[in-house]
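Below: the structure, in structure tokens.
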Amino acid sequence: MIEESNSNSVDRFPWPDEIEVPEECEGWQEMYPRYFRFGESSERTGLEKDRFWFWDQKDSPAPLRPWDITLCVESIVMQLSQAQSRVFAVPPAMGIDLRIIAGYSYASPVPCTDPELLEERKSIFSDRSEYIYENFEKLYENEWLPAVKEIGQEIRDLDVPEQLPEYAPDEVVFEAKGLYPKSVDVQSAYNRLQELTLRGWQRHFEYLNLVYLAYLSFKGTCDELFPNISDNAIGEMVTGLETDLFLADKVLNDLAHQTMELGDEVPEILTSEETPDQKMARLEKSEAGREFLEAFEEMKDPWFHITVSRGYHSADGSWLDTLEQPFEHLHEKVIALQEGKEIRRDIETLQEKRKEVVDEYRSYLTDNERAQFDQAHQLVLKVYSHAEDHQFWIENWLHTIIFQKLDEFGELLVNHGLLDTPRDITLFGRNEVPELLADLARVWSQGKGAHVPNYWKEDADKRKRILDAAEEWSPPPAIGEPPEEVTDPMVIMLWGITTETVQNWLGSTQEEDSNEMSGFASSSGTVEGQARVVTSGSDLNEVERDEILVSPLTNPDWTPVFSKVAGAVTDNGGATSHTAIVCREYGLPAVTGVGTATSRIQTGDRIRLNGNKGKVEILEKTE
């Protein structure tokens, strides 16, 4: 599958037509739009082979359901590319292209290489980015956030009945309603949901590129002024920021502290091994328990609108689906408080540390250099919290509302016998669902006893089998011939993919039996401890206090677990990944972008994590 040179060293990854997808995944192509499949036309095949594609494990660590493509691949391609190419005209970047193989997403950045076009775009970018940077706080508070909340509320307000009536109501006849419009209204409501989802994702990328570019500009300034500065030191200069993404953990901490003031019964219930439903039933029986439940209910909107797996995998749902995650986090936090441990993030210490680092590096500069540094630093401090805030409001809060509304459409289809479970609706692409709803209208219009087709359920079952088989498969980390050097700063910063990472994937720089691994020095500190390998948010309840978390990547819904672990290692992500940011905010050492950590480290291994040098060492293998 992978071409080898005469020296037997692997020098490229498989082409798309060389990838061997499991036989059980046969037919996966029909689940996804043709414009996201490799090799759909001869001229595009040549273009695809001229590019290097990497598996976007950040956004599709597992195969994506067809509807989830709307929230992930389709929105990223359209909205990220639009923001870079058509709105802000980011000079070197023309967006990103993505393809799907058996549900997994592969990305390839599209650069701008035309010198004349680069010059044309510079002036547009300069004017527009300068305006955003100067007015960022006002635009965020007065325009961006209200607009996102308005989209979410309009989605909530879409009217989806639980079931169409046996007979049209009297007013259809007596008020000349034109037969029964509700069956048509359902289709209109779904079309509006699609539109609002895409509008929400336009807001996702509205300022995000500029935020990352501000960080890259600050990093470039630091690299120029301090040639030997580490990525971690640069990261420490932007820690201690208040972001909405951390508020879910903050309100859980507040609830845990409040619990300790309600007597012995509430903590006992919260730390029991009962289900959330059982706990809430017991809490309802006492005044203290009802006081806790009232506070819990107030926190749910918006702060418990936290999606699992970055909000791109509808099957994983959100905290609100079962309440297992918030109750599990409360369980751990109450126990920590009972043991006298601190669970709150010490933001004042983080800000003091940030000031110390900044003051130290400023002391090395001349007056002119200090002015250059201060300008870049003040800009990144002004905008950088948006890198996490947008994740909360779009990928968590808004996605939770979208999933809830999709469930309403799914429930309608279940109640009329077309699907087995509400969330099965996401097994169909966003452009397939209108056909499903049209079939519902057809069946209902024929009256009581009309034949209900079984083919939708059969298609759903087939697609579940395909996705289950795909999840057991290990797709190649990349496709095609890699560049001699990975230079795209966004790819390095967000995905943590470097030249060394690619070579590690090819197997030419690290021996698989070596006990040492390297990655990004993303958060300072050194720690030794037992590893806990976690590949899914559903397994977070297995993490023990003071273990070192090892995962492909962490997601926003994992944030509360950082108050109990001793450090983190990830396969993917750079110095500005979610793992890197959260570890710096919690004062934990982290090494990101290791590439092969989850395949070489096992739960129970004793490892040493050096966040200063970006090194991970297996000290002792578990039995």
Side-chain angles (χ1 to χ4, degrees), residues 54-59 61 107 109 211-212 215-220 222-223 226-239 357 380 384 387-388 477-478 482-483 485-506 509-510 514 516-527 531 533 548-555 558 562 565-601 607-618:
F54 61 87
W55 174 17
D56 179 12
Q57 296 186 59
K58 181 170 70 70
D59 300 319
V211 171
Y212 290 141
Y215 186 90
L216 286 173
S217 176
F218 176 62
K219 182 181 185 306
C222 290
D223 289 338
F226 317 108
N228 296 318
I229 192 170
S230 67
D231 286 343
N232 177 61
I234 297 171
E236 288 181 332
M237 295 186 200
V238 293
T239 54
V357 175
V380 77
Y384 195 58
E388 296 293 281
E485 184 177 4
V486 177
T487 58
D488 189 307
M490 287 289 193
V491 171
I492 296 171
M493 184 175 76
L494 297 180
W495 281 278
I497 296 173
T498 64
T499 305
E500 183 179 11
T501 304
V502 174
Q503 292 304 312
N504 287 345
W505 287 341
L506 289 170
T509 62
Q510 288 190 15
S514 170
E516 296 185 358
M517 290 158 273
S518 61
F520 289 90
S522 292
S523 186
S524 62
T526 301
V527 67
V533 180
I548 298 175
L549 181 66
V550 180
S551 66
L553 199 71
T554 65
N555 298 311
W558 297 27
F562 285 90
V565 298
V569 181
T570 63
D571 290 336
N572 305 289
T576 59
S577 64
H578 177 262
T579 308
I581 292 172
V582 175
C583 282
R584 289 195 291 264
E585 294 292 341
Y586 280 83
L588 301 173
V591 179
T592 62
V594 173
T596 56
T598 55
S599 63
R600 298 168 64 187
I601 298 173
I607 64 174
R608 178 185 295 121
L609 162 62
N610 188 328
N612 302 309
K613 297 181 178 180
K615 300 293 183 183
V616 181
E617 182 181 0
I618 301 174

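Please read these numbers as outputs of a predicted model, since none were measured by experiment.
- Val486 places a side-chain heavy atom less than 4.5 Å from the side chain of Ile492.
- Remark: of the listed residues Val591, Ile607, Thr570, Leu609, Ile607 is the sole one forming a side chain to side chain contact (heavy atoms under 4.5 Å, CB included) with Val550.
- At least one side-chain heavy atom of Phe562 sits less than 4.5 Å from a side-chain heavy atom of Thr554.
- Looking at Thr598, its side chain never comes within 3.5 Å of a backbone N or O of Pro552 through a donor-acceptor pair.
- Taking NZ of Lys219 as the start and CG of Asp231 as the end, the distance is 4.5 Å to the nearest 0.5 Å.
- Counted by atom type alone, Trp495 and Asn572 present zero donor-acceptor pairs between their side chains at under 3.5 Å.
- Judged purely by atom type and a 3.5 angstrom limit, Asp571 uses its side chain to pair as donor or acceptor with the backbone of Ala597.
- In this structure, the side chain of Asn555 does not engage the main chain of Trp558 through any donor-acceptor pair within 3.5 Å.
- In this structure, Thr596 contributes its side chain and Ser599 its backbone to no donor-acceptor pair below 3.5 Å.
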Note to self: Run the side-chain contact (heavy atoms from CB on, under 4.5 Å) test on Asn232 and Phe520 for me, step by step, so that the C-alpha distance in whole Å, both residues' side-chain angles and the decisive distance to 0.1 Å come before the verdict.
What the structure shows: CA-CA 8 Å; Asn232 177 61; Phe520 289 90; over 6 Å; no
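- Between Phe54 and Pro109, the shortest heavy-atom distance links the atoms CE2-CD, 4.1 Å.
- Looking at every heavy atom in both residues, Trp55 comes nearest to Pro61 through CZ2-O, 3.7 Å.
- With values rounded to the nearest 0.5 angstrom, Ser518 atom OG is found 12.5 Å from Glu617 atom CD.
- For residues 572-596, the salt bridge (Lys or Arg N to Asp or Glu O under 4.0 Å) pairs, not counting sequence neighbours, are Arg345-Glu585.
- For the atom pair CD1 (Ile581) and CD (Glu388), the distance works out to 4.0 Å, reported to the nearest 0.5 Å.
- Nearest heavy atoms, Ser522 versus Ala580: CB-CB, 3.6 Å.
- Between Ala521 and Gly611, the shortest heavy-atom distance links the atoms CB-O, 3.3 Å.
- At least one side-chain heavy atom of Ile601 sits under 4.5 Å from a side-chain heavy atom of Val616.
- The distance from the CD1 atom of Ile548 to the CZ atom of Arg608 is 10.0 Å, given to the nearest 0.5 Å.
- For the residue pair Thr498 and Thr501, a side-chain donor N or O sits within less than 3.5 Å of a side-chain acceptor on the partner.
- Summarising the geometry, atom NZ belonging to Lys58 is positioned 9.5 Å from atom OG belonging to Ser577; distances are rounded to the nearest 0.5 Å.
- The heavy-atom pair separating Arg600 from Glu516 by the smallest distance is NH2-O, 3.4 Å.
- In plain terms, the two heavy atoms of Asn612 and Ser524 that are nearest each other are OD1-CB, 3.1 Å.
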